[in-house]
Structure formats: C-alpha cells, structure tokens
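So the structure is just underneath, and the comments pick up after that.
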Amino acid sequence: MNKKYACLILGILLLTACSPYGITGNPEDASDTESTPEEITSMENPPTFSITVEEFEKEIVNNDNQRLLIKTESGFNTKDNKIQLTYDLTDEKKKLADLFLFVEESKEDFPTIEKKFTAVLEVIFQSLDASYDISELKANLKGNDFLGMDTDDVSVSITNNSTNIQLAIIPK
C-alpha cells in the first residue's frame, strides 16, 4: 500500500515539475508550414498516366506476347510469382496512378531473372506508351541508385533490400 502512495506522489511530483518544460507557443505562429496553392493543387490532383486502369490491363494482355504475366486480384504476377505488379484497382474507369513492381530476388541473385525482369518492364512501358531506357534502369539497379530511371513520362524509384527489389513507377 505504501508503494502505491509513493508511486502516486512521485508521479504527481514529476507531472508538476515537468509541466513548465512542455510544448509552448501559439499554433497561429506556424506560418512557415503553410502549403502553397501549387502544393495543395498537386496533392488534390496527383499526376496520373494518360490511360485508365481498364485500358492498361487490356494493353498488358495485348503486349505480353511471351505470356509472362497472369492477372490477379491486385494486378499481375509472373507464373512463378517472382515478379509482381500492383496498382490501385478500386475503379477501372479511373486514370492509372503509381505502379509498384516487386521482384522476389535479392540484388545478388538478380542475374538469374534479369531476362524475365527486362521482358516484364518492356511490356509495362509499352502498355503505358511511355518512353523508357531499360539499360539505364538496370545499371542503376546494379549500382544501388535510388533513382532508377527518369524520362519525360515516368520516374522509377528503386529500393534494394536484402531479400527483394522494389520499384515504384511514377507518372510525371
């Protein structure tokens, strides 16, 4: 019982002693964190590709001559599930936004699936009707660069993990 009183008194003492060191200031003074009208517009209307989700899916099927990709609930996968393409599927009539490509191989094991990876990327970029440079992307992937590829149409960001490779294909 004495321990409970001692803890209660100690807690009250700490709260009263530390209260002058709390957050001070007026939230109205935070003028440097206000968003500009351009930033607000870009957040409300993020960049999208020129095609809808439905058109993109049809283009993937039409451009996939080697039949590498299989349609799934979240996008497309290769038959062995080593490469997965995901995107927002909530509305097929909506313009296509960011694409995410997951490669279930580490950077060290990448040469084993490099041909398949290249073929899948070519199908994606042809389906998007976007300019691309696969050799630049592969060189930056091997060189551990964050920015994989930057063209007039898309920007590709890379995340190399110890177990997999992740790419974000972002429209401009």
Side-chain angles (χ1 to χ4, degrees), residues 14-64 69 71-77 83-107 110 117-118 120-172:
L14 284 174
L15 285 175
T16 57
C18 295
S19 63
Y21 303 108
I23 298 174
T24 60
N26 186 356
E28 303 299 324
D29 295 339
S31 61
D32 61 335
T33 60
E34 291 181 19
S35 298
T36 64
E38 294 83 19
E39 291 173 332
I40 293 170
T41 303
S42 69
M43 286 186 278
E44 290 173 350
N45 303 315
T48 58
F49 291 105
S50 60
I51 62 175
T52 64
V53 172
E54 183 178 34
E55 293 168 339
F56 175 70
E57 290 174 347
K58 287 179 184 174
E59 287 295 319
I60 287 281
V61 171
N62 290 340
N63 290 323
D64 188 12
L69 299 170
K71 179 77 175 97
T72 64
E73 291 178 6
S74 60
F76 288 91
N77 288 351
I83 302 173
Q84 295 125 24
L85 174 67
T86 61
Y87 47 90
D88 182 12
L89 290 167
T90 55
D91 185 5
E92 289 188 342
K93 303 295 182 201
K94 188 176 163 184
K95 292 283 185 183
L96 185 65
D98 301 344
L99 302 170
F100 301 97
L101 193 67
F102 300 98
V103 181
E104 292 296 328
E105 291 289 339
S106 66
K107 181 181 158 186
F110 178 71
F117 175 78
T118 303
V120 168
L121 280 177
E122 287 178 352
V123 168
I124 293 169
F125 289 122
Q126 289 170 1
S127 299
L128 293 171
D129 195 24
S131 58
Y132 63 95
D133 184 0
I134 299 285
S135 58
E136 175 190 0
L137 180 60
K138 288 195 299 188
N140 289 339
L141 180 65
K142 291 174 184 175
N144 226 9
D145 287 341
F146 173 73
L147 183 61
M149 184 179 73
D150 194 26
T151 67
D152 294 337
D153 303 320
V154 296
S155 175
V156 179
S157 301
I158 300 172
T159 303
N160 286 330
N161 293 327
S162 59
T163 57
N164 61 28
I165 301 167
Q166 302 171 13
L167 288 92
I169 303 170
I170 303 165
K172 286 190 172 180

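Positions are given from 1 along the sequence.
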Can you confirm whether [X] sits close enough to [Y] that some side-chain heavy atom of one is under 4.5 Å from a side-chain heavy atom of the other?
| X | Y | value |
| --- | --- | --- |
| Phe146 | Asn140 | no |
| Phe49 | Phe56 | no |
| Ile169 | Asp98 | no |
| Gln84 | Phe100 | no |
| Leu141 | Ile165 | yes |
| Asp152 | Lys172 | no |
| Pro171 | Val154 | no |
| Tyr132 | Glu122 | yes |

Lys94 side chain to Thr52 side chain, donor-acceptor N/O pair below 3.5 angstrom:
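Side chains of Lys94 and Thr52: no pair found under 3.5 Å.
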
No-hydrogen, no-angle side-chain donor-acceptor test under 3.5 Å, Asp153 and Ser131:
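Judged by distance alone, the side chains do pair up.
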
For [Y], does its backbone N or O pair with a side-chain atom of [X] as donor and acceptor, under 3.5 Å?
| X | Y | result |
| --- | --- | --- |
| Ser106 | Thr163 | no |
| Lys95 | Ser50 | yes |
| Asp64 | Ile60 | no |
| Asn164 | Val103 | no |

Could you grab the distance from atom [atom1] of [X] to atom [atom2] of [Y], nearest 0.5 Å is fine?
| X | Y | atom1 | atom2 | answer |
| --- | --- | --- | --- | --- |
| Glu136 | Thr151 | CD | OG1 | 8.5 Å |
| Lys138 | Phe117 | NZ | CZ | 8.5 Å |
| Leu99 | Leu85 | CG | CG | 5.5 Å |
| Thr118 | Ile134 | OG1 | CD1 | 6.0 Å |
| Leu147 | Ser157 | CG | OG | 6.0 Å |
| Ser127 | Glu57 | OG | CD | 10.5 Å |

Val156 vs Phe125, test: side chain to side chain contact (heavy atoms under 4.5 Å, CB included). Steps then yes/no.
CA-CA 11 Å; Val156 179; Phe125 289 122; 4.0 Å; yes

Can you tell me if CG on Asn62 sees more than 12 non-hydrogen neighbours from other groups inside 6.0 Å?
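Enclosed.
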
NZ of Lys71: more than 12 outside heavy atoms within 6.0 angstrom?
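Enclosed.
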
Step by step, work out the side chain to side chain contact (heavy atoms under 4.5 Å, CB included) result for Asn63 and Ile124.
CA-CA 8 Å; Asn63 290 323; Ile124 293 169; over 6 Å; no

Working for side chain to side chain contact (heavy atoms under 4.5 Å, CB included), residues Thr48 and Leu96
CA-CA 6 Å; Thr48 58; Leu96 185 65; over 6 Å; no

Val120 and Leu69: side chain to side chain contact (heavy atoms under 4.5 Å, CB included), yes or no, with the steps?
CA-CA 8 Å; Val120 168; Leu69 299 170; 4.1 Å; yes

